[in-house]
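Just so you know, these numbers use all the heavy atoms, side chains as well, and skip hydrogens, waters and symmetry mates. Counting starts at 1 for both ligands and their atoms, following the listed order. Starting from 1, each residue takes its place in the sequence as its number.
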Amino acid sequence: MITTLDHTIKEYIQHALEEAKQTNQSVIVSRIKEVDAIDPLHFFASGEEIYLGERFFWSTPTADFTMVGLGNEFVLENENRTPERFQKIEKEWKRFNKKVIADHKKQVGTGPLLFGGFSFDPMKEKDVLWEAFAEAKFVLPTNMLTVFKDKTYITINKLITPMDNLDTCIKHFEQVGEQEFTLFPYQIDCEKGNEFASIELKTTEWVEAVQRATADIRASEIDKVVLAREVHLEFTEKIDPYQVVGRLQKEQPTSFIFEFENGLQHFVGATPERLIKKEENQVLSTCLAGSIKRGKTKSEDKLLGNELLHDDKNLIEHDIVVKMIKDAFEHCCFEVSAPEAPALLKTNNIQHLYTPVKGFAKNGHTLLSMVERLHPTPALGGFPKEKAIEKIRELEPMHRGWYAAPVGWIDHEDNGEFVVAIRSGLIEGNRAALFAGCGIVEESDPESEYFETKMKLKPMLSALGGVENE
Ligand SMILES: C=C(O[C@H]1C=CC=C(C(=O)O)[C@@H]1O)C(=O)O
Ligand SMILES: [Mg+2]
């Protein structure tokens with residue numbers, strides 16, 4: 001389906017091209033259209049032929065906000081091993097002049113925006129699994145679907161360079177009519193499970209690492225450290241990414257679902273943990289740490305929740321996170337507020353202690369500067385921050401890559417949202433590596449922490465086809 005651009009849009013593109021030529025700087029032109037409802041998973045699948053390896057999927061809890069990107073119009077990435085990796089993305093993004101053509105009033109999450117993420121620890125030597133993932137990588141999607149409540153939008157982006165010619169630019173916007181995406185006949189079978197061939201658990205090394213960590217905490221080297229383990233799975237057939245995302249959406253409605261394609265590898269997960277959300281100068285973070293299983297009945301579930309709310313070990317684990325996030329907010333926000341005591345946040349497989357922290361960003365404190373300050377919170381790293389990261393490097397028998405690191409989006413007005421990429425896995429062909437970690441404090445018992453990682457692996461295991469024996 002080819003849409004014909006009307007006169008004013010053509011003129012708009014022409015002006016952008018003239019500007020690019022005059023200033024010798026590329027200009028981003030972003031055309032947003034409100035359209036009839038499109039199913040996000042179908043839109044995602046419709047990009048398979050042309051955009052495989054260059055797609056992303058994002059939805060917030062209860063799926064009231066979903067974004068799907070198809071095609072990398074351009075990529076900003078760096079291998080900086082210092083905090084500069086955050087600033088560099090922000091600086092490069094700000095450098096582009098952005099022009100927005102819209103036929104409706106402004107809607108956050110449409111128009112020019114970057115989607116991507118960072119690695120957990122850029123100082124850790126790369127390993128084979130994560131070799132292709134940069135320390136920071138963000139993409140401007142060529143086509144993007146945004147669904148907010150009952151409204152659906154399509155954004156088409158183009159990086160117009162001084163070398164471009166007008167006809168190709170106009171064609172770019174003409175060729176991608178929203179109709180094409182609705183007609184894709186893909187059927188997503190969320191019921192069908194994958195048949196799994198083998199599983200590698202790496203249990204012993206991890207339990208030993210937890211024992212060493214508790215000894216170091218007792219020796220007052222550190223207050224808390226989060227240690228993670230990985231599980232490797234192999235299936236008899238290629239894993240279907242739509243099935244995984246579809247099942248995560250269905251089974252984890254209280255989590256953020258994310259999928260980021262990096263060539264043949266897909267980093268995917270369902271995390272309940274928001275790192276930061278910024279809308280104008282309003283900012284919101286969540287402290288999520290301290291865990292217990294779900295009950296089999298309503299009353300057992302309630303009892304377990306109450307036990308968690310009063311459990312000293314879990315409260316210590318949680319309070320360390322609240323203190324750090326509040327301190328970070330005090331530095332860059334005014335009117336910082338948080339409830340006195342944690343509440344419960346329940347996902348399908350686990351319940352957590354939960355404290356939201358709110359504030360208003362002071363002038364000059366941008367979304368990525370706050371991501372930099374917060375990462376990693378003690379829910380993913382530990383406390384004190386630098387010592388905890390060193391401990392993880394020393395004790396953890398794996399490479400985290402993008403696991404437990406910030407993944408999310410940022411628009412051209414510094415609005416956006418980042419989560420921490422936990423309850424996640426890296427998928428390639430018929431293989432998956434899944435990750436789960438636990439906050440280790442002085443009172444931690446390796447056996448119960450191991451059990452906790454098993455609960456945290458369940459969302460991804462189930463989405464992959466319901467392997468029960470992990
Ligand atoms: C590090 C993970 O979870 C963190 C988030 C919530 C609760 C946690 C805990 O109770 O240990 C962890 O700090 C993970 O799921 O891999
Ligand atoms: Mg825990």
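If you number the atoms of ligand 1 from 1 as listed, the ones under 4.0 Å from a heavy atom of I422 come out as 2 (C), 3 (O), 5 (C), 14 (C), 15 (O), 16 (O). Residue A436 has at least one heavy-atom neighbour below 4.0 Å for each of these atoms of ligand 1: 16 (O). Residue H352 has at least one heavy-atom neighbour below 4.0 Å for each of these atoms of ligand 1: 6 (C), 7 (C). For ligand 1 and C438, the ligand atoms under 4.0 Å from any heavy atom of the residue are 11 (O). Distances below 4.0 Å separate heavy atoms of Y403 from the following atoms of ligand 1: 1 (C), 2 (C), 14 (C), 16 (O).
For a threshold of 3.5 Å applied to N or O pairs, the pair formed by E452 and ligand 1 contains at least one separation below that value. Ligand 1 has no nitrogen or oxygen under 3.5 angstrom from a nitrogen or oxygen of K224. Annotation: E273 places no N or O atom under 3.5 Å from an N or O atom of ligand 1; distance criterion only. Note: an N/O pair closer than 3.5 Å links G439 and ligand 1 by distance alone. For ligand 1, the polar-atom distance check finds no N/O of A289 at less than 3.5 Å from any of the ligand's N/O atoms. For a threshold of 3.5 Å applied to N or O pairs, the pair formed by G437 and ligand 1 contains at least one separation below that value.
For the pair S448 (side chain) and S444 (backbone), a donor-acceptor distance under 3.5 Å is absent. No donor-acceptor pair closer than 3.5 Å links the side chain of N80 to the backbone N or O of T82. No donor-acceptor distance shorter than 3.5 angstrom exists from the side chain of E394 to the backbone of E390, with no hydrogens or angles considered.
Ion pairing between K387 and E221 fails under the 4.0 Å rule for side-chain N and carboxylate O. Checked for salt-bridge contact, E90 and K94 meet the test: a charged N lies under 4.0 Å from a carboxylate O. E79 and K126 are joined by a salt bridge, as a carboxylate oxygen and a charged side-chain nitrogen come within less than 4.0 angstrom of each other. No salt bridge links E135 with K88; every basic N to acidic carboxylate O contact stays at or beyond 4.0 Å. The pair K323-D327 counts as a salt bridge, with a side-chain nitrogen and a carboxylate oxygen less than 4.0 angstrom apart. Between K278 and D414 a salt bridge is recorded (basic side-chain N to carboxylate O distance below 4.0 Å).
Closest heavy-atom contact between A63 and Q249: CB-NE2, 4.2 Å.
Each of K456, K313, K454 was compared with E449 under the salt bridge (Lys or Arg N to Asp or Glu O under 4.0 Å) criterion, and only K313 meets it.
Judged by a 6.0 Å distance limit and a 45° cone about the ring axis, R431 is not positioned over the six-membered ring of F235.
Of all protein heavy atoms, the one lying nearest to atom 15 (O) of ligand 1 is R423 NE, 2.6 Å. Protein heavy atom nearest atom 13 (O) of ligand 1, with residue, atom name and distance: A379 O, 2.7 Å. At the top of the distance list for atom 10 (O) of ligand 1, counting protein heavy atoms only, stands S291 OG, 2.6 Å. For atom 8 (C) of ligand 1, the nearest non-hydrogen atom of the protein is K456 NZ, 3.2 Å. The nearest protein atom to atom 6 (C) of ligand 1, hydrogens excluded, is given as L288 O, 3.3 Å; this is a heavy-atom distance.
Heavy-atom separations between A228 and ligand 1 are all 4.0 Å or longer. The closest approach between any non-hydrogen atom of G290 and ligand 1 is below 4.0 Å. Judged by the shortest distance from any of its heavy atoms, E449 lies outside the 4.0 Å radius around the atoms of ligand 1.
Within E452, OE2 is the N, O or S atom that lies nearest to the Mg ion (ligand 2).
Within the 2.8 Å limit, E317 places at least one N, O or S atom next to the Mg ion (ligand 2).
Counting only N and O atoms by type, the side chains of E230 and Y403 include no donor and acceptor under 3.5 Å apart.
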